[in-house]
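Each residue takes its place number in the sequence, starting with 1. All figures in this text were calculated on a predicted structure; none of them were measured in a lab.
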Amino acid sequence: MGSNSIGKEFVVTCFGESHGRCVGAVIDGCPAGLPLTEEDIQKDLDKRLPPNREIVSARREKDIVEILSGTYEGFTTGAPICALVWNKQVISGDYDSIRDKPRPGHADYPARIKYMGFNDYRGGGRFSGRITVAFVIAGAVAKKLLDVFGVEVLAYTTEIGNVKLQATLSLEDIRENTYANSVRCPDPDVAEAMEETILSAKKEGDSVGGIVECVAFNLPVGVGEPIFDSLDADIAKMLFDIPAVKGVEFGVGFEAAKMRGSENNDPYVMSDDETELLNNNAGGVLGGLSSGVPLVVRVAVKPTPSISKEQKTVDLSTMQETTISVKGRHDPCVVPKAVPVVEASVAAVLVDQLIRGGFIPKVLGVEAIGEYYDIKEED
Ligand SMILES: Cc1cc2nc3c(=O)[nH]c(=O)nc-3n(C[C@H](O)[C@H](O)[C@H](O)COP(=O)(O)O)c2cc1C
């Protein structure tokens, strides 16, 4: 598995397997001088555990982060930051019966062929959703940096199965309500209907998917490195690296294909001596550069592949057709757990791009940090 790092200046390397000793991240290129503690990362890791035990996997370990390097006396030093969590609730016996029977919808079959059976298949190994702990660690550090520069990234659930969030919600609603329910939807009534949808799929031994939206506020104009590291291309790449993500769209996305140019274009007007965009159909990116309005990206998450409903597979030891009912501890819907992962991924790419574009310096002067804390205290 030869590609475990992403980013050019804020480089995130992800390591670990589902049933190995640990999962974690090495972050190389985080500017020196950023206040950073384990609590900063822990609060984002805790968001991966929705309170309703019925809608997430019974593997409910509380992931406790340890920072092994890269900070001193509460500040980043500029050296690589290594942070990890130890895997605790590993029950590998759950997977013995499926060693030779690839689970439909999982990477079991292509991974077995590519790595000639040497890959750790337990719990999906390197292909497990568990590796996204690394994404969340990197995102927590990135969000801390973005906060200093006034950029806010928020993700939330907009669809689960056939239940959709229709209303446009305020920033306050999103900030306050997203993590107040287990499905991570900022509208409490819609959240309830979403929970019911998940529970009814679970009752039938099945699963559902959904959509996560992520918005980034206060990005400066011109963030992005066209042609091949365009802002939207870089974000899409990291989002597609999240297991179970099957689609990424910015702004109106695929709907743009049905619109006329006159409908789809976002016109410019003047407001207080500054240019302003009237709409945001483009999702805040034009030509691979941020355009000065909020960045809006949506991610389609497929239904959890591990289901107890019986499905066809082949026993690779005998090459006979057989059936499989996936046992073990699985989320009937991975969307709630994917929300903080999507937020983290967008934040990590934004920091990489902001450093590359010279918007974030490689060392944070005491002045920048001091000013930031003065403003926070005034708040
Ligand atoms: C946070 C998170 C948790 C996941 N948990 C599970 C799970 O409990 N059971 C499962 O079958 N798939 C789970 N997945 C999805 C699978 O890992 C993924 O579908 C599988 O590895 C195949 O990869 P692909 O869907 O990207 O092709 C999870 C994904 C994420 C992002």
Side-chain angles (χ1 to χ4, degrees), residues 2-15 24-36 40-41 44 67-72 75-84 131-153 214 216-242 248 250 284-285 287-292 295 297 341-369 371-372:
S3 187
N4 298 292
S5 303
I6 191 159
K8 294 229 162 103
E9 289 286 349
F10 186 82
V11 184
V12 178
T13 302
C14 152
F15 61 85
V26 174
I27 302 154
D28 201 1
C30 180
L34 178 72
L36 184 73
D40 292 322
I41 299 175
D44 275 8
I67 298 180
L68 303 189
S69 68
T71 61
Y72 182 64
F75 289 86
T76 56
T77 60
I81 299 166
C82 178
L84 57 73
I131 60 140
T132 59
V133 163
F135 292 47
V136 174
I137 290 172
V141 178
K143 283 200 291 176
K144 197 83 208 275
L145 255 173
L146 291 175
D147 196 25
V148 172
F149 292 89
V151 177
E152 186 173 19
V153 184
C214 184
F217 299 93
N218 295 332
L219 270 184
V221 179
V223 183
E225 300 297 327
I227 294 297
F228 293 116
D229 294 336
S230 295
L231 185 59
D232 42 359
D234 264 18
I235 290 174
K237 174 160 174 46
M238 186 144 179
L239 291 175
F240 272 120
D241 292 329
I242 302 171
V248 174
F250 290 81
V285 192
L289 300 170
S290 58
S291 63
L295 182 125
V297 58
V341 181
V342 167
E343 189 172 290
S345 304
V346 171
V349 175
L350 289 179
V351 163
D352 185 49
Q353 289 275 2
L354 284 161
I355 298 175
R356 289 180 71 183
F359 297 97
I360 294 182
K362 293 193 179 170
V363 178
L364 302 180
V366 174
E367 239 171 65
I369 291 293
E371 251 175 50
Y372 164 68

Output all residues satisfying salt bridge (charged side-chain N to carboxylate O under 4.0 Å, His left out) with Glu152, sequence neighbours left out; order by chain, then residue number. Arg175
So, using salt bridge (charged side-chain N to carboxylate O under 4.0 Å, His left out) as the criterion, who are the partners of Asp40 when residues are at least two apart? Lys144
Assess the residue pair Ile360 and Phe149 against the criterion (side-chain contact (heavy atoms from CB on, under 4.5 Å)); give the C-alpha distance rounded to whole Å, side-chain angles, the decisive distance to 0.1 Å, and a yes or no. CA-CA 8 Å; Ile360 294 182; Phe149 292 89; 3.8 Å; yes
How about [X] and [Y]: do any of their side-chain heavy atoms sit closer than 4.5 Å?
X      : Y      : value
Leu364 : Leu145 : yes
Ser290 : Leu295 : no
Ser230 : Val285 : no
Val141 : Phe10  : yes
Gln353 : Asp229 : yes

With [X] via side-chain hydrogen bond (donor to acceptor under 3.5 Å, both in side chains) - residues at least two apart:
X      : result
Lys237 : none
Asp232 : none
Thr77  : none
Glu225 : none

Quick one: closest heavy-atom pair of [X] and [Y], and the distance?
X      : Y      : value
Gly139 : Ala347 : O-CB, 4.1 Å
Pro80  : Ser69  : O-OG, 3.0 Å
Phe359 : Val221 : CZ-O, 3.8 Å
Cys214 : Val153 : SG-CG1, 3.5 Å

Pairwise distance CG(Leu350) to OG(Ser345) - rounded to 0.5 angstrom: 10.5 Å
When rounded to the nearest 0.5 Å, the distance separating CG of Leu34 from CD1 of Ile81 is 7.5 Å
Could I get the full list of side chain to side chain contact (heavy atoms under 4.5 Å, CB included) partners for Leu289, not counting sequence neighbours? Pro226
For Phe15, check side chain to side chain contact (heavy atoms under 4.5 Å, CB included) against everything at least two apart and list the hits. Cys22, Val26, Cys82, Leu84
Hey, is the main chain of Glu9 close enough, under 3.5 Å, to the side chain of Asp352 for a donor-acceptor pair? yes
Any salt bridge (charged side-chain N to carboxylate O under 4.0 Å, His left out) pairs touching residues 24-36, not counting sequence neighbours? none
Please tabulate, for the side chains in residues 131-138, all donor-acceptor contacts under 3.5 angstrom to protein atoms that are two or more places apart in sequence or on a different chain.
from, atom 1, to, atom 2, distance (Å)
Thr132, OG1, Arg48, NH1, 2.7
Thr132, OG1, Gly129, O, 2.5

